[in-house]
Participant: 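Could you have a look at this structure, given as structure tokens, before my questions?
Naming: A, B, ... by sequence-line order, numbering from 1 per chain.
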Amino acid sequence: MIKLAIYGKGGIGKSTVSCNVSAAMAKKGLRVMQIGCDPKADSTSLLRGGERIPTVLQVTREKGNALALEDVIYDGAFGVKCVEAGGPVPGLGCAGRGIINALETLEKKGAFELCKPDVVIYDVLGDVVCGGFSMPMRKGYADKVFVVTSGEKMSVYAAANICMAIDNFKGRGYASLGGIILNRRGVEDERSAAETLAADFGSSVIADIDRCEEIPAAEKAGKTVAELFAGSRADEQLSCTAQAILDAFGGAL
Amino acid sequence: MKNAARIIPCYSADTSGVCSALYELGGLTVVHDASGCNSTYSTHDEPRWYDMRSNIFISALTEMDAIMGNDEKLIADTVSAAKDRKPAFIALCGSPMPMMTGVDFDAVAAEVEARSGIRTFGLHTNGTRSYIEGASEALAAVVREYAEPCGKVRGRVNVLGLTPLDLPLGADKHIREWLASHGFECGCTLAMGDSLESIKKLPSAEVNLLVSEAGRGAAEYLKKEYGIPCICGVPFGNGFADELAERLRSAANGSKPVALSTAEAGQAEVIVIGEGISAMSLAEALRRDLGLNAGAINTQPSEGAASGDVLSCEEDIEAALLELRPKAVVADPLYRYILPAGTRLIEVPHFAFSGRCFQRAMVNLINTDIKEYFK
């Protein structure tokens, strides 16, 4: 089993990339589990036809320790197992603590033993703003972090912050940086901005996804590109992204 | 409000369980918590504090350190204290605030170990769970760290889960005497009256005696890694103490371990309330020595626990007693306030429940005639 986390600036396309990469990996015959670590709980919606699923924290609140994994793990496109950690009402509570609680609950209940995934993808909210959002990087969770960025200044800035957090945690045995995923927005010198960022942290740009019509169209329909536009250039690039991520694990699968 | 204790106190928390379990082992126990809370762990919940030295430190976590995620202060202070005290090991555990900010104790422990050169482990307490869970995790951790493969010694028995939170001071001595009187050799008494050296030899025993759920994690580890069978029970009274010795002998000879009788409260005329293994053992002793129809209520639910009726909150215990209307209840004196009218209370103070309040009234019921006490 390999475990990875996808980080990046808010709105940069982490969930879109995560869902499409999950779908592409599942199409290759791998058992994939995607865990949304964002209080908005919309990470897996593209794998579920745009539909939301009950979150771990929501069910924990309702059922307490009686929570069953079947209450929070749902099948998505291509058999991807979908989970949403969930979070508090906006403006209240503590979202970071929520992530910790949800991930600990999944572990305690034996989610991985039940689903036996080959690949676990943690799709994590924006920046590493507190201890809770670094949880997926910790020992025992993701082994590698992939950062999604465009060439836009703010996106690169946020990505650099995330890479710095990974670097700070080096002595703790946390996840290492697996690479940069460039999700193009059509700004000037995008590739070069992403490459500079990667080089600053001794990494590389492992995937390059063009701005295209298929990805937003599939998103609008609540579907993955692999379902709606199989064989398209976007589908091909997302499939290559999935393969590049797998390659970063050095053929562990 | 279901889990709120309105009348009776709540039991000691997981952090106290860690401090109690590791108290005599020569380590440094660091509780990551605000300053001023040391008394909770080391005096209110610790009868040995004034008579026996132990290295228990509180990190004096401040609001700004919590907000800023300043783990460096915890690491540097711990390393400095360790250089000063030279403990055999360092155990780091948490309280509610580090739980909220998500302090990674395993990672902090790795950094402390790298800088101090002293074996360090993180424990995942948060101050909101039962002392049983904290003690069980702490004892399992030291056993994992120190137990070494060694040859079996015929007739050797380890005693696991021994802390003054559940059994009175001197319980280790009484259990040693009882084992010797039945021809056993007492191995390690984890963790009262024993040392790390003895923990290294834990795998040499033929059988483990689990005297409280605090030893559950260690017992499971020793079963899994060294195949040592486990028998649950505290040798209260005479009849049950003899029976327990037979169960140990039989398990040591390779028979399937006999489980502690599920002495559920049901229609019992006498109900013992307390930690599961203690309560069920005392109920068995009352049945055998006094012929009473005795049952037990276990107030400390934990994974893999000996069964029986498990009721952990005041509201449920109060309702169950009202429904069952036993003639007598055997429990800590502070349970008096939730007993139904007409039910007699036989007081057996429980340190994890009432702390030092009734310390002087604590009695030894191990391997002794209990008829007088319960007449």
Participant: Has B:M68 got more than 12 heavy atoms of other residues, nucleotides or ligands less than 6.0 Å from its CE?
Facilitator: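 No, because the 6.0 Å sphere around CE of B:M68 holds 12 heavy atoms or fewer from other groups.
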
Participant: Would one find more than 12 heavy atoms of other residues, nucleotides or ligands at under 6.0 Å from atom CZ of A:R52?
Facilitator: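 Yes.
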
Participant: Would you say B:M99 has more than 12 foreign heavy atoms packed within less than 6.0 Å of its CE?
Facilitator: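 Correct, the count exceeds 12.
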
Participant: So with a 6.0 Å cut-off around CZ of A:F112, is the heavy-atom count from everything else above 12?
Facilitator: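 Yes - once you tally the heavy atoms of other residues, nucleotides and ligands closer than 6.0 Å, there are more than 12.
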
Participant: Just to verify, which of A:R138, A:M137, A:K139 counts as forming a side-chain contact (heavy atoms from CB on, under 4.5 Å) with B:D104?
Facilitator: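 It is A:R138, the one option of A:R138, A:M137, A:K139 that forms the side-chain contact (heavy atoms from CB on, under 4.5 Å) with B:D104.
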
Participant: Relative to chain B, which segment of A:F169 carries a heavy atom at a distance below 4.5 Å: side chain, backbone, both, or neither?
Facilitator: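 No part of it gets close to chain B.
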
Participant: Quick one, A:R172 and B:D71 - any side-chain contact, counting heavy atoms below 4.5 Å?
Facilitator: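 A side-chain contact exists here, since the closest heavy-atom pair is under 4.5 Å.
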
